[in-house]
Amino acid sequence: LGGLGAPGAGRIAVRRGTRADLDALVALWLALTRYHVHFESLFMLRPGAEAEVRRLIEAQLRDPETLVLLHAPASGPDGLCLVRVDRAPPIHPEVVRAEITDLYVADASRRRGVGRALAEAALGWVGARGIARVEVRVAARNRDGHAFWQALGFEPFVDVLHRRL
Ligand SMILES: CC(C)(COP(=O)(O)OP(=O)(O)OC[C@H]1O[C@@H](n2cnc3c(N)ncnc32)[C@H](O)[C@@H]1OP(=O)(O)O)[C@@H](O)C(=O)NCCC(=O)NCCS
């Protein structure tokens, strides 16, 4: 993890998730998605979504261009972060970037630096690959999410607009 988040590097240790963590990873991912239903019903889960989520996370664990991070203290896993490399055709000077696709810290563990530790470990992994830019999509109504990313130095980039027909 490029030193970031490693035990001893800071107060909060995060680590790679493994197949042995699959139940916890799925539970945290589902909690993140359910949290977003407060903002937007598009995030609702279909019946049976859990099996699909499990398959997706298993694939991400196998993907060398995706990093699955977990905060798992003795009290139990309470934080998840997924980041992946994203490639574009050679049109613009930048052909590779990263995207933090998911970040979740359980309610009871918030505002203690867990989110920051997970995000910084993700950024360390990205930086160690020589990738200079990372994106994150944040629901427009997710005020806490926006405040968090702003505190970490992220700036507005593209607004995604949508319209129902
Ligand atoms: C966003 C989230 C991951 C932050 O995790 P966290 O562990 O609470 O964050 P940290 O404690 O590391 O916070 C780091 C800094 O971000 C800012 N911040 C975090 N949460 C904030 C909030 N609710 N309001 C304002 N600023 C906030 C603060 O500057 C904070 O530093 P401080 O506590 O010293 O003031 C967590 O609130 C969460 O999981 N929310 C639900 C899911 C979500 O929105 N995920 C992001 C989607 S893109």
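- One finds no salt bridge joining R55 and E58 here, because no Lys/Arg side-chain nitrogen approaches an Asp/Glu carboxylate oxygen to under 4.0 Å.
- Between the CG atom in D102 and the SG atom in C81 there is a gap of 8.0 Å [rounded to 0.5 Å].
- Atom CZ of R19 sits about 11.0 Å away from atom CG of L25, to the nearest 0.5 Å.
- The nearest pair of heavy atoms linking T66 to Q60 is CB-O, 3.7 Å.
- Closest heavy-atom contact between A98 and V126: CB-CG2, 3.6 Å.
- Between E52 and R46 there is no salt bridge, since no side-chain nitrogen of the basic residue lies less than 4.0 Å from a carboxylate oxygen of the acidic one.
- Put simply, V83 and L56 are part of two different groups of oily side chains (I, L, V, M, F, W, Y) that touch within less than 4.5 Å, one to the next.
- Clustering ILVMFWY residues whenever any of their side-chain heavy atoms sit less than 4.5 angstrom apart, transitively, puts L82 in a cluster other than the one holding V114.
- Contact of the V134 side chain with the I100 side chain is registered, since non-hydrogen atoms from C-beta on lie closer than 4.5 Å.
- Both tests pass for R110 against the ring of Y35: distance under 6.0 Å to the centre and angle within 45° of the axis.
- Across V95 and P89, no two heavy atoms sit closer than the pair CG1-O, 4.1 Å.
- Within a 6.0 Å sphere centred on CZ of R137, heavy atoms belonging to other residues, nucleotides or ligands number 12 at most.
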* Can D86 and E65 be said to form a side chain to side chain contact (heavy atoms under 4.5 Å, CB included), step by step? -> CA-CA 8 Å; D86 212 1; E65 297 219 308; over 6 Å; no
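- Minimum heavy-atom separation, S41 to R164: OG-NH2, 4.4 Å.
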* To do: Run the numbers on M44 and H36 for side chain to side chain contact (heavy atoms under 4.5 Å, CB included), then give the verdict.
  => CA-CA 8 Å; M44 270 164 47; H36 277 81; over 6 Å; no
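- A donor-acceptor contact shorter than 3.5 Å is absent between the side chain of E99 and the backbone of T101.
- L118 is not connected to V26 by any chain of hydrophobic side-chain contacts under 4.5 Å among Ile, Leu, Val, Met, Phe, Trp and Tyr, and they are in different clusters.
- Pairs engaging residues 138-157 under the side-chain hydrogen bond (donor to acceptor under 3.5 Å, both in side chains) rule: none recorded [sequence neighbours left out].
- There is no path of hydrophobic side-chain contacts, each under 4.5 Å, that joins I12 to L80.
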* Asked: Please walk me through it: do L30 and E50 pass side chain to side chain contact (heavy atoms under 4.5 Å, CB included)?
  -> CA-CA 8 Å; L30 291 172; E50 186 170 338; 3.8 Å; yes
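- L152 and I131 fall within the same hydrophobic cluster, where Ile, Leu, Val, Met, Phe, Trp and Tyr residues are linked whenever their side-chain heavy atoms come under 4.5 Å apart, directly or through other members.
- For the pair R112 (side chain) and A108 (backbone), a donor-acceptor distance under 3.5 Å is present.
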* To do: Let me see the working for E120 and W125 under side chain to side chain contact (heavy atoms under 4.5 Å, CB included), right down to the final yes or no.
  => CA-CA 9 Å; E120 284 182 351; W125 180 81; over 6 Å; no
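- In this structure the side chain of V37 never reaches within 4.5 angstrom of the side chain of L45, judged on heavy atoms.
- Of the possible donor and acceptor atoms, one in the side chain of T33 sits under 3.5 Å from a partner among the backbone N and O of W29.
- Qualifying side-chain contact (heavy atoms from CB on, under 4.5 Å) partners for R111, counting only residues two or more places apart in sequence or in other chains: none.
- The two atoms that bring R163 and L165 nearest to each other are NH2-CD2, 3.3 Å, heavy atoms only.
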Please output the side-chain donor-acceptor pairs of residues 67-77 that fall under 3.5 Å, not counting sequence neighbours, one pair per line with the distance.
unit_1, atom_1, unit_2, atom_2, d
H71, ND1, D78, OD1, 2.5

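- Classification of R84 and E135 as a salt-bridged pair fails, no side-chain N sitting under 4.0 Å from a carboxylate O.
- Contact annotation: the side chain of V105 never approaches that of R116 to less than 4.5 Å [non-hydrogen atoms, C-beta and beyond].
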